[in-house]
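Quick notes on the structure that follows.
As the structure is a computational prediction, the values presented were derived from the model and not from experiment. Each chain gets a letter, A, B and so on, in the order the sequences are listed, and its residues count up from 1. We use all heavy atoms of the structure for the numbers below, so side chains are in, but hydrogens, waters and symmetry mates are not.
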Amino acid sequence: MPAVLQCPGYPEAKLRCLAESLQCREVQASTLLALMGEPQQYSYPSVFIYGHRATGKSHVVLALLTELELPHAAMSCVECFSRGLLFEQVLMALFGPEAAALLPRCASFSDFVRVYRQMCAQEPADQTRYIVLERAELLRNMEANLLPGLLRLQELVDDNVTVILLSEIVWDKFRPSTGCFEPLLLHFPDYTKAELQQILSRHSHPSYTPELYSSYINILLGVFYSVCRDLRELRHLAALNFTKFCEPLEKGEAQESDTHKLWRRVEPHLKRAMQTVYLREVSSVQWEQQQMDEKEATALRGLSAHAHVELPYYSKFLLIAAYLASYNPARTDRRFFLKHHGKIKKTNFLKKHEKTSNHLLGPKPFPLDRLLAIFYSVVDSRVAPTASIFSQISSLVTLQLLTHIGHDDQLDTPKYKCAVSLDFIFAISRTVNFDIVRYLYDFL
Amino acid sequence: MDFVSQPLPVSVNYMMSKHKSGANCSAAGECVSEVQRILRERFCHQRLPDKPMGLESQYKHLLELLRRTAVHGESNSVLIVGPRGAGKTMLLSCALRELLDLQEVKKNVLLVQLSGLLQTDDRIALREITRQLHLENVVGDRVFGSFAENLVFLLEALKKGDKSSSRPVFFILEEFDLFAHHKNQTLLYNLLDVSQSAQTPVTVVGLTCRLDVLELLEKRVKSRFSHRQIHLLSSLSFCQYRDAFRSKLSLPDDFPDSKFSQDWNVSILKLCEDKSVDEILRKHFNSSTDFRSLHLLLLLAVSRVSVSNPTLRAADILEASRMSNADTKANILHGLSILELCLIIAMKHLNDTYEGEPFNFQMVHNEFKKFIQRKSHSIHNFEQPVVLKAFEHLLQLELIRPVDAGVCKVQREYQLMCLMLDQTQFRPQWRARSGQLMQEKSDEMWQGDENTKGMTLQNSATLSTLACLSLA
């Protein structure tokens, strides 16, 4: 039996009910409840709760506040992206719409505190009021006085009010340069594997036994746990793939007890899901469709696998030339592109340079002249440097396959960088029968 | 009257338990909740103490200054400077409380409280001053040429029927340094100017945590300031700190249940003599002497007091100290998946070999692939996009930071990053994780390398071995 939440001043029945809904978060819930104290007692001015995504921060806080019917205003900083919205929402939730109407347009923090004090004098608090702000890291992007002000709101408005900030980023990243009122830090640890299993197993399918579902969850965690511990993500994956898991059962090819067989059937499937659904390369609808037509499913891959663009013939060569210019040192151009480059000893030539490959450091900028010189030597036929070539360069920049370095006003020797990946350039060079590996310094 | 059916207001509760205390049958629950109420008001609401502790001379100085304005009509300006949580506001409020106890002062003095956090520019500040002086009606729709004109008008309006004497005004500016960032420092200039010239008696009290606050002032503003500063640099000895600890936890004499309060106070005395508590206090004292962090610690401890556990035990203090001292980043590291943790190890390795040079995703991935090659039989091979997703999660958690945030033209694989963790945050976490792995799998390979467990992660060989082990 889970530990029962205990705190005087709250009805027993509700606490028991809460303990059931807050599975695996009993310790955190009871710590929080103890810190909140009885409703009429003072609570610490600001509490900062941090923990990974989907560890039940909002759920626990909101469940406590709503179930125990404490006066509170809860909002997400994603919604309330400006202070005006934030103040309006807080006043609306705590004192009703007429209080929010008292705020002037473009309310400053000073206006908010004034209205708050005014309302507070009208209806003094017999219970602690709570202001809950989710995704509090966004507060840092608002006015500089907002976060320090909220942290000491209790002092500024002289009311029994507690501000609870929720975030997945640690408090150290919030502290302003001259310091501020330090909030009370509370950590929500991640769920352990057993806890994840317990929570995920709660949503078992009605037509199958809970044991089967739990063994399914076990397989799912086996595949995904080392990559992802986000409960929300895991739940999404569990829901999407369960029908696939049950397919052999429905066809009568396997029994429920035949776990090994079921595992063998579903495991490659889950691995494929990691490359597609987990990376959001296909939507869940697409994924389900893929599962419907079984034969195609093996061929279909994520978007990245068949990411290719149709380009004009010369553009392809321009892109290849740009790639070579970005990833090869300029001094090696002689060796790659001159027919009679004299005798350069290969060992010397390679040893000269440092060991780190350019594919680790990223593309280097190159001038336009070098790009064109390489272009003329890699393309088969003779090409005249016409306007159409130059316009193709600028359209590659527009497509963000090349990036322009430096200011736009530099007209005489513009510099570029190639912004495509190795896989992409392989695919491109294959279409024009160009063996790019032979020309890359890193792969010699 | 029927008391039982409706929730009792606190004061009634108070009286009832007072009645009962003679008979000594008051319920333990009521006492505990009363204790919580009193102590929470102390720790959370920053209730003013009877006398500011350890700040007697500063207190006398400030009180004298304020009294001269209130009684004799002398203008003045003063800055109270001290670190956060040193008791600047408390000192001022105590002085004001004592001053306003005098009947003649209370009638006469006006108080304007501004805070740099609230009044972010001079227009807002002036409106707030008008409001706090109750002069909205007088000002009405009048249009003023300049800020100074407006302020002078406000002060003029305060003159009483008797032309010669006007009411003294205290201007209290919290977060004084923020006012110095206002445009042209108009408000500060005018306030200090009034306090210099023999007009309305005005005292400007600024509170700030910046020692260099005078450097922020413009020359014309600085020359109008009296250069009186009260510094609150804590000179508390550990004995005083411990005494404060005791007195902050002790219950007052007028506690309704005298037996309970005696028991409680005795237990607090015992607590102060406890070895482990002493150690914790010393640690806290050495890291910060301000009372606010002590309050935080005590609140955490007091919140553990309940009916089943009616006294404060050393274990409670221990637990509270553990909670308040936890390393937040290590906590976050604990929740990372194995893939993400391996990436961090790879970054750490890169940091060690290249002496803190920034790295990009490709380098980290390359390093990670090297780990995998060494123990290929026991590791899943993750595709690059999956690894990139893990990498971006780390970025989102701000465990790594882009070196130059402004550059958006670089491909995200090549954006330079630096790691925001250090060895100490890393090590305990790593030990815990490897221990957990051992329990989970009791891998034979691990048993063979048992001796690596105790080793630190300073050399990269151990580092990579551990990384591979974690993947097993």
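- Judged by distance alone, the side chain of B/K329 and the main-chain N or O of A/V170 form no donor-acceptor pair under 3.5 Å.
- Both the backbone and the side chain of A/V227 come within less than 4.5 Å of a heavy atom in chain B.
- Taking 4.5 Å as the limit, some side-chain heavy atom of A/Y50 sits within range of a side-chain heavy atom of B/N331.
- Contact of A/S421 with chain B is made through the backbone alone, with heavy-atom distances under 4.5 Å.
- Remark: B/K389 engages A/E233 in a salt bridge, criterion side-chain N to carboxylate O under 4.0 Å.
- Considering only heavy atoms from C-beta on, B/S337 stays 4.5 Å or farther from A/F224 through its side chain.
- Among the candidates B/Q396, B/H365, B/E128, the residue making the largest number of heavy-atom pairs closer than 4.5 Å to chain A is B/Q396.
- Contact detail for B/H334 and A/R229: the closest heavy-atom pair is O-NH1, 3.9 Å.
- For residues 293-309 of chain B, every residue pair satisfying the salt bridge (charged side-chain N to carboxylate O under 4.0 Å, His left out) rule, not counting sequence neighbours, is listed here: B/R304-B/D316.
- Taking 4.5 Å as the limit, some side-chain heavy atom of B/Y414 sits within range of a side-chain heavy atom of A/P363.
- Ion pairing between a basic and an acidic side chain is recognised when a charged N comes within 4.0 Å of a carboxylate O; A/R272 and B/E383 show no such pairing.
- Panel note: side chain B/S303, backbone A/L35; no donor-acceptor pair is recorded below 3.5 Å.
- Only the side chain of A/D111 comes within contact range of chain B, with at least one heavy atom under 4.5 Å from a heavy atom of that chain.
- Contact count versus chain B (heavy atoms, under 4.5 Å) is highest, among A/Y44, A/W171, A/F109, for A/Y44.
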### Task
Just do the side-chain contact (heavy atoms from CB on, under 4.5 Å) check on A/N145 and B/L178 with the steps written out, would you?
CA-CA 9 Å; A/N145 67 328; B/L178 294 181; 5.7 Å; no
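- Across every non-hydrogen atom of B/S33 and A/E38, the tightest pair is CB-OE2, 2.8 Å.
- Using a 4.5 Å cut-off between heavy atoms, A/L156 touches chain B through its side chain atoms alone.
- How far CZ of B/R123 is from OG of A/S108: 8.0 Å, rounded to the nearest 0.5 Å.
- Both the backbone and the side chain of A/F181 come within less than 4.5 Å of a heavy atom of chain B.
- Ranked by heavy-atom pairs under 4.5 Å with chain B, the first of A/G51, A/G149, A/S167, A/C180 is A/C180.
- Closest approach of A/S110 and B/Q119 over heavy atoms only: OG-NE2, 3.1 Å.
- For a residue to count as touching a neighbouring chain, one of its non-hydrogen atoms must lie under 4.5 Å from one of that chain's; by this rule B/R292 touches chain A with backbone and side chain alike.
- For a residue to count as touching a neighbouring chain, one of its non-hydrogen atoms must lie under 4.5 Å from one of that chain's; by this rule A/P189 does not touch chain B.
- For the set B/T89, B/D177, B/V386, the entry with the most heavy-atom pairs within less than 4.5 Å of chain A is B/V386.
- At least one donor-acceptor pair closer than 3.5 Å links the side chain of A/H52 to the backbone N or O of B/I332.
- A donor-acceptor contact closer than 3.5 angstrom is absent between the side chains of B/R37 and A/Q40.
- Within a 6.0 Å radius of CD in B/E319, more than 12 heavy atoms belonging to other residues, nucleotides or ligands are found.
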### Message
Is there a side-chain contact (heavy atoms from CB on, under 4.5 Å) between A/Q41 and B/H45? Walk through the geometry before answering.
### Response
CA-CA 10 Å; A/Q41 289 167 351; B/H45 193 50; over 6 Å; no
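- No part of B/Q113 comes within reach of chain A, as not one of its non-hydrogen atoms sits under 4.5 angstrom from that chain.
- Here the side chains of A/T178 and B/E175 are not in contact, with every heavy-atom distance at 4.5 Å or above.
- Annotation: maximal heavy-atom pairing with chain B below 4.5 Å, among A/E155, A/E182, A/H359, occurs at A/H359.
- Between chain A and the residues B/H393, B/R131, B/R127, the largest count of heavy-atom pairs under 4.5 Å involves B/R131.
- There is no contact between A/L146 and chain B, counting heavy-atom distances below 4.5 Å.
- Contacts of B/T120 with chain A are made by side-chain atoms alone, with heavy-atom separations under 4.5 Å and no backbone atom involved.
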### Task
Apply the test side-chain contact (heavy atoms from CB on, under 4.5 Å) to residues B/M363 and A/L361: give CA-CA distance (whole Å), side-chain angles for both, the deciding distance (0.1 Å), then the verdict.
CA-CA 7 Å; B/M363 296 181 191; A/L361 297 172; 3.4 Å; yes
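- Residue contact with chain A, scored on non-hydrogen atoms closer than 4.5 Å, is absent for B/F361.
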### Message
Applying side-chain contact (heavy atoms from CB on, under 4.5 Å) to A/H187 and B/T328, what does each step give before you reach the verdict?
### Response
CA-CA 8 Å; A/H187 178 229; B/T328 52; over 6 Å; no
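- Between B/E398 and A/K173, the shortest heavy-atom contact is O-NZ, 3.1 Å.
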